[in-house]
Amino acid sequence: MSTHKDLLSSPYYKEPGPKLDKESPFESMMERFRFATDLLKINEGMFQYLASPVQTTIVSIPVIMDNGEIQVFEGYRVIHDNVLGPSKGGIRYSPDVDIDEVKALAAWMTWKCAVVNVPFGGAKGAIKCDPKKLSQREIEHITRRYTSAMFDVFGPDPDIPAPDMNTNEQTMAWIMDTYSMHARKTETAVVTGKPILLGGSRGRKEATGRGVVTVTLAAMTKLGMAPNRSSVAVQGLGNVGAVSAVLMHEQGAKVVAISDISGAYYNENGIDIPAAIAYTAGNKGTLEGFQGCEIISNADLLELDVDVLIPAAKEDQINRYNAENIKARIISEGANGPITASADEILEKKGILVIPDILANAGGVTVSYFEWVQDRQGYFWTEERVNRRLTRMMREAFQLIYGVMEQYDITLRQAAYVYAIDKVAKTLAMRGIYG
Ligand code: NAD
């Protein structure tokens with residue numbers, strides 16, 4: 001039987017106490033996890049179950065480097081949960097990654113899949129390496145050897161990886177090919193985020209931004225805000241931010257500020273978003289030198305007096321130090337973890353509606369699910385069908401979570417965690433504990 005002491009040794013568990021000065025997105029997630037398990041009166045045994053990964057695999061990856069010497073890397077795959085279906089989650093390449101971070105990210109994926117009603121559990125993988133110091137040949141060999149070592153973990157039925165930090169379509173193509181060589185047949189459904197030529201889905205690249213905009217528009221409807229009378233600021237004009245900005249612009253919203261690592265660009269009359277995107281395309285992907293705007297800082301962008309704020313760059317952007325100054329009515333989290341747990345409380349008091357990351361940016365995993373379905377069917381959908389089904393699932397998820405928010409009189413973020421954790425716990429209770 002599990003004891004409170006066991007819980008304390010769980011990598012997910014943190015004794016409630018004074019908030020840390022520097023919050024990591026994982027600590028913030030755990031704070032929200034504990035809130036939901038308390039509200040749902042989850043008992044200790046179930047808490048223990050929900051906080052423990054199903055399977056943790058650590059492998060050594062020996063590779064002959066370009067200089068002829070052997071170097072050994074460490075690779076991880078954590079399946080946090082597979083009660084709802086095969087586990088799903090990205091693989092990142094990073095020199096700083098450790099197993100506890102991978103465990104936390106895997107749990108995050110469990111809640112994200114549950115929120116949008118995708119029939120997947122959560123997982124995450126990583127290789128401790130610095131891709132900046134590796135050649136393409138070395139990265140390919142590391143990827144293939146890792147996949148070979150994970151042959152019994154990955155698979156279209158048990159566990160389906162996807163791209164994450166420093167991995168991309170090419171990495172997924174290598175994983176698919178290596179897995180297929182071992183399986184003695186082509187298994188496109190073993191990974192998502194593949195090139196379209198290899199069984200990738202139309203609409204996948206735009207899916208996260210499209211999902212962000214779908215739930216943002218749904219939230220605006222709830223608050224009686226018309227897109228064509230609303231202003232928007234987008235932090236981070238990358239994959240998620242650019243699609244969000246374009247689609248909000250297409251809805252008639254006035255996008256008054258956009259930004260990237262080069263700085264933030266503000267025009268109170270609205271920015272010509274297609275022109276800004278075209279500019280970055282011809283300018284090595286950056287907004288640097290973009291004309292017709294006042295240059296402000298990324299910190300200033302967050303505090304603009306706008307109707308909708310979409311942080312789509314990185315974590316911890318809105319925290320205890322600036323939350324009081326935020327003026328937007330809606331914040332839609334395109335990025336993962338852009339708001340810390342302590343900022344949540346401040347924003348709630350200010351009456352700002354925050355659409356949490358596990359809902360707002362779940363369009364990516366939703367279309368990953370579509371990719372897996374298409375691969376298994378061997379039948380590929382039009383982009384129009386992908387977008388239509390994505391929009392429907394995101395709208396439905398928003399309505400469900402909004403309903404939970406009203407039912408318990410909690411925030412939308414708390415509602416997303418309550419919904420996800422309740423769903424996994426109920427499914428587990430119905431399946432029962434085997435053994
Ligand atoms: P990206 O690399 O394409 O874009 C990131 C953008 O943010 C770039 O324009 C970069 O210049 C900018 N940026 C970086 N640091 C910044 C800073 N300090 N201030 C302002 N801008 C800054 O990345 P992406 O794929 O768009 O991902 C963005 C966020 O969304 C990440 O948190 C990611 O985890 C999350 N996310 C992405 C997806 C997806 O499908 N791509 C899915 C879910 C969540």
Side-chain angles (χ1 to χ4, degrees), residues 85-86 88-91 109 112-113 115-120 154-157 160-165 167-177 179-180 186-218 234 236-251 273-274 277-278 280-281 285 310 312 332 334 336 359-398:
K88 185 93 194 75
I91 295 174
M109 283 305 298
K112 193 180 279 193
C113 292
V115 161
V116 278
N117 294 305
V118 160
F120 284 148
F154 296 163
D157 290 314
I160 310 136
D164 194 71
M165 201 184 283
T167 58
N168 54 28
E169 284 192 346
Q170 178 61 70
T171 327
M172 297 306 111
W174 288 327
I175 294 177
M176 191 278 273
D177 182 68
Y179 185 90
S180 297
T186 296
E187 276 288 13
T188 53
V190 66
V191 282
T192 62
K194 297 179 295 295
I196 288 185
L197 206 56
L198 304 188
S201 179
R202 291 193 165 74
R204 170 64 189 88
K205 276 204 187 102
E206 301 78 20
T208 305
R210 186 172 290 279
V212 168
V213 170
T214 303
V215 293
T216 305
L217 294 174
V234 179
L237 207 69
N239 178 330
V240 178
V243 175
S244 304
V246 167
L247 296 180
M248 288 305 293
H249 178 79
E250 281 177 9
Q251 289 295 321
I273 296 299
I277 306 282
T280 59
I310 303 179
S332 196
N336 283 321
L359 170 62
N361 70 34
V365 77
T366 303
V367 174
S368 278
Y369 163 54
F370 295 165
E371 180 174 336
W372 176 80
V373 169
Q374 292 171 74
D375 288 335
R376 289 171 73 105
Q377 287 181 327
Y379 176 69
F380 292 88
W381 307 350
T382 60
E383 187 164 348
E384 190 269 332
R385 174 181 280 201
V386 170
N387 291 346
R388 187 162 28 88
R389 291 185 171 180
L390 168 65
T391 303
R392 189 176 70 210
M393 283 184 71
M394 294 299 296
R395 269 197 201 132
E396 281 173 5
F398 180 84

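Along the sequence shown, the residues carry numbers beginning at 1.
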Measure across [X] and [Y] and return the closest heavy-atom pair with its distance rounded to 0.1 Å.
X	Y	value
Gly334	Val212	CA-CG2, 3.9 Å
Tyr179	Pro156	OH-CD, 3.9 Å
Val243	Arg210	CG1-N, 3.7 Å
Pro86	Ile160	CB-CD1, 3.7 Å
Gly199	Asp375	O-OD1, 2.7 Å
Lys194	Thr188	NZ-O, 2.9 Å

>> According to side-chain hydrogen bond (donor to acceptor under 3.5 Å, both in side chains), who are the partners of Arg376, at least two apart in sequence or on a separate chain?
In response: Asp157
> Are Leu198 and Glu169 close enough, and set up right, to give a side-chain contact (heavy atoms from CB on, under 4.5 Å), and what steps lead you there?
Replying inline: CA-CA 10 Å; Leu198 304 188; Glu169 284 192 346; over 6 Å; no
Would you call [X] and [Y] a side-chain contact if the rule is heavy atoms closer than 4.5 Å?
X	Y	result
Gln251	Thr216	no
Met248	Ile273	no
Val191	Trp372	no
Arg202	Thr382	no

>> Does the plane of the ring in Phe370 sit parallel, tilted or perpendicular to the ring in Trp381? Use 30° and 60° as the thresholds.
In response: tilted
> Side-chain donor-acceptor pair under 3.5 Å between Asn168 and Thr171, yes or no?
Replying inline: yes
> Any donor and acceptor pair, going by atom type alone, linking the side chain of Thr214 with main-chain N or O of Met394 inside 3.5 Å?
Replying inline: no
> Counting only N and O atoms by type, is there a donor-acceptor contact under 3.5 Å from the side chain of Ser244 to the main-chain atoms of Val213?
Replying inline: no
>> I need the single residue from Lys88, Gln374, Glu371, Arg204 that forms a side-chain hydrogen bond (donor to acceptor under 3.5 Å, both in side chains) with Thr192. Which is it?
In response: Lys88
> To the nearest 0.5 Å, how far apart are NZ in Lys112 and CG in Leu359?
Replying inline: 10.5 Å
> Does the pair Ile175 and Thr167 meet the rule for a side-chain contact (heavy atoms from CB on, under 4.5 Å), with working shown?
Replying inline: CA-CA 11 Å; Ile175 294 177; Thr167 58; over 6 Å; no
>> If you count heavy atoms of other groups shown closer than 6.0 angstrom to CZ of Arg389, is the number above 12?
In response: yes
